[in-house]
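Structure record follows, encoded as structure tokens.
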Amino acid sequence: MSYALSAEAAEFYESTFVPALFDSMARRAVGAAGLTPGRAVLDVACGTGAVARAASSVVGPTGTVVGVDRNPAMLAVARRLRPDLRWLEGDACALPFAAGTFDVAISQAGLMFFGDPVAALRELGRVAGRVVVQVPGRLSESAGYRALAEVVSRHAGPATGDLLSVYFSAGSPAFLADLMDQAGLLVDRFETWTGATRLDSLDTFLAVELLPFGALEPDVHDRIVADCRTALASFVSPTGAVAAPIEVQLVTARALPGARAGGPVGMLSG
């Protein structure tokens, strides 16, 4: 599953999906980081910058916030919204910063897409004293998305339905704990909570959630939409608004002694 979105899709993502879910998640991740004014924060897989913006409001003008992402279209939106922050195109598995450059490194909804999640977590621990990782939890515990996945599989085939499962592929607590251990990170806090993707209508919800699947055949798309009106009915309010439950895992950790040496070297102002 690729999130190398076009410029138009990145704008849609920011205007629609960020306020629907990622803004509230970002505030929770930043709260877990224990930030104070003047701190240096790295937002890894920053997308359009929801976490970076939330962090900036806490660390203030004396702090430093940098966002890193591999998607130029996402970064273009982030720069447009907050030109005062620093945005870099880069790989989470090889961050261009010296060890200990940041006080906190935060990654939200990105771990499941990293080519080597252990290497990425090790990099977060190398460049920062504290690490906060937040990802969608288990599909089985995310009722709104489980129903959507079943409909997509029924009409577009299991292989297409499995694409949605990728989004939840890092959501098992045992799996996450094992990744942290392999990366040399000591978990301080592990929290499972349930949020919801909130949008004004089922049509908007499906436009957002079907975006990563690319161009479905028109008849397949129409059958999915029609079936979802029944399958997701319990998540639609009398006014037509949608609140689709989603489990979220939030982990705060720190690098074990000696785990932060080495790695790529760069400069914040480079």
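Just so it is clear, the model here is predicted, and its values are computed rather than measured.
Every residue was checked against the salt bridge (charged side-chain N to carboxylate O under 4.0 Å, His left out) condition with Asp162, not counting sequence neighbours, and none meets it. Here Arg82 pairs with Asp84 under the salt bridge (charged side-chain N to carboxylate O under 4.0 Å, His left out) rule; sequence neighbours left out. With sequence neighbours left out, the side chain to side chain contact (heavy atoms under 4.5 Å, CB included) criterion links Phe190 to Pro173, Leu176, Val187, Thr192, Gln249, Val251. The salt bridge (charged side-chain N to carboxylate O under 4.0 Å, His left out) search around Arg138 returns Glu247, not counting sequence neighbours.
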Name each donor-acceptor pair under 3.5 Å that joins a side chain in residues 72-81 to protein atoms two or more places apart or in another chain, with its distance.
unit_1 : atom_1 : unit_2 : atom_2 : d
Arg79  : NH2    : Trp87  : O      : 3.1
Arg80  : NE     : Glu11  : OE2    : 3.3
Arg80  : NH2    : Glu11  : OE1    : 2.7

Under 3.5 Å, which donor-acceptor pairs do the side chains of residues 38-51 form with other protein atoms, sequence neighbours left out?
unit_1 : atom_1 : unit_2 : atom_2 : d
Arg39  : NE     : Thr36  : OG1    : 3.2
Asp43  : OD2    : Ala52  : N      : 3.0
Thr48  : OG1    : Glu14  : OE1    : 2.5

**Study point:** Pair Val133-Met180, side chain to side chain contact (heavy atoms under 4.5 Å, CB included): steps then yes or no
**Key:** CA-CA 10 Å; Val133 173; Met180 295 284 170; 3.9 Å; yes
Worked check of side chain to side chain contact (heavy atoms under 4.5 Å, CB included) between Arg198 and Phe235:
CA-CA 10 Å; Arg198 301 180 184 276; Phe235 311 119; over 6 Å; no
- Evaluate side chain to side chain contact (heavy atoms under 4.5 Å, CB included) for Phe113 paired with Tyr167, printing each intermediate quantity in order. CA-CA 8 Å; Phe113 301 122; Tyr167 193 59; 3.8 Å; yes
Exercise. Begin with the C-alpha distance, continue with both residues' side-chain angles, and end with the deciding distance and a verdict on side chain to side chain contact (heavy atoms under 4.5 Å, CB included) for Val131 and Thr252.
Key: CA-CA 6 Å; Val131 172; Thr252 61; over 6 Å; no
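Two residues are said to be in side-chain contact when any heavy atoms from C-beta on lie closer than 4.5 Å; Val59 and Val65 meet this criterion. Under the 4.5 Å side-chain criterion, counting only non-hydrogen atoms from C-beta, Val135 is not in contact with Val248. Taking 4.5 Å as the limit, some side-chain heavy atom of Arg53 sits within range of a side-chain heavy atom of Asp23. Within the 4.5 Å cutoff, side-chain heavy atoms of Leu164 are placed close to those of Leu148. Within the 4.5 Å cutoff, no side-chain heavy atoms of Glu123 are placed close to those of Phe97. Here the side chains of Ser201 and Val242 are not in contact, with every heavy-atom distance at 4.5 Å or above. The shortest side-chain heavy-atom distance between Leu202 and Leu232 falls under the 4.5 Å cut-off.
How far SG of Cys228 is from CD of Glu150: 10.5 Å, rounded to the nearest 0.5 Å. Taken to the nearest 0.5 Å, the OG1 atom of Thr197 stands 9.0 Å off from the CE atom of Met25.
In this structure, Ser169 contributes its side chain and Val166 its backbone to a donor-acceptor pair below 3.5 Å. No donor-acceptor pair closer than 3.5 Å links the side chain of Thr16 to the backbone N or O of Tyr13. Using a distance-only test at 3.5 Å, with no hydrogens or angles considered, a donor-acceptor pair links the side chain of Ser24 to the main chain of Leu21.
Within the structure, ring pair (Phe, Tyr, Trp, His ring centres under 6.0 Å) contacts touching residues 39-64 (residues at least two apart or in different chains) do not occur. Counting only residues at least two apart or on different chains, no salt bridge (Lys or Arg N to Asp or Glu O under 4.0 Å) pair has a member in residues 60-69. Sorted by first and then second residue, the side chain to side chain donor-acceptor pair (under 3.5 Å) pairs involving residues 102-119 (not counting sequence neighbours) are Gln108-Gln134. Residue pairs meeting the salt bridge (Lys or Arg N to Asp or Glu O under 4.0 Å) criterion with at least one partner in residues 168-189, sequence neighbours excluded, are Arg130-Asp188, Asp188-Arg254, Arg189-Glu191. The list of salt bridge (Lys or Arg N to Asp or Glu O under 4.0 Å) pairs with a residue in residues 221-233, not counting sequence neighbours, reads Arg154-Asp227, Asp203-Arg229, Asp219-Arg223. Residue pairs meeting the ring pair (Phe, Tyr, Trp, His ring centres under 6.0 Å) criterion with at least one member in residues 137-162, sequence neighbours excluded, are Tyr145-Phe168, Tyr145-Phe205.
Shortest non-hydrogen contact noted between Leu139 and Ala149 is CD2-CB, 4.1 Å. Residue Gly125 comes nearest to Ala255 through the heavy atom pair O-CB, 3.6 Å, listed as atom of the first residue, atom of the second, then distance. Of all heavy-atom pairs between Ala156 and Leu216, the closest is CB-CD2, 4.5 Å. Taking both residues in full, the closest heavy atoms of Ala29 and Ile106 are given as CB-CG2, 4.1 Å, listed atom of the first, atom of the second, then distance. Closest of all the heavy-atom pairs between Gly115 and Cys93 is N-SG, 4.5 Å. Contact between Ala55 and Val30 at its shortest, heavy atoms only, is N-CG2, 3.8 Å.
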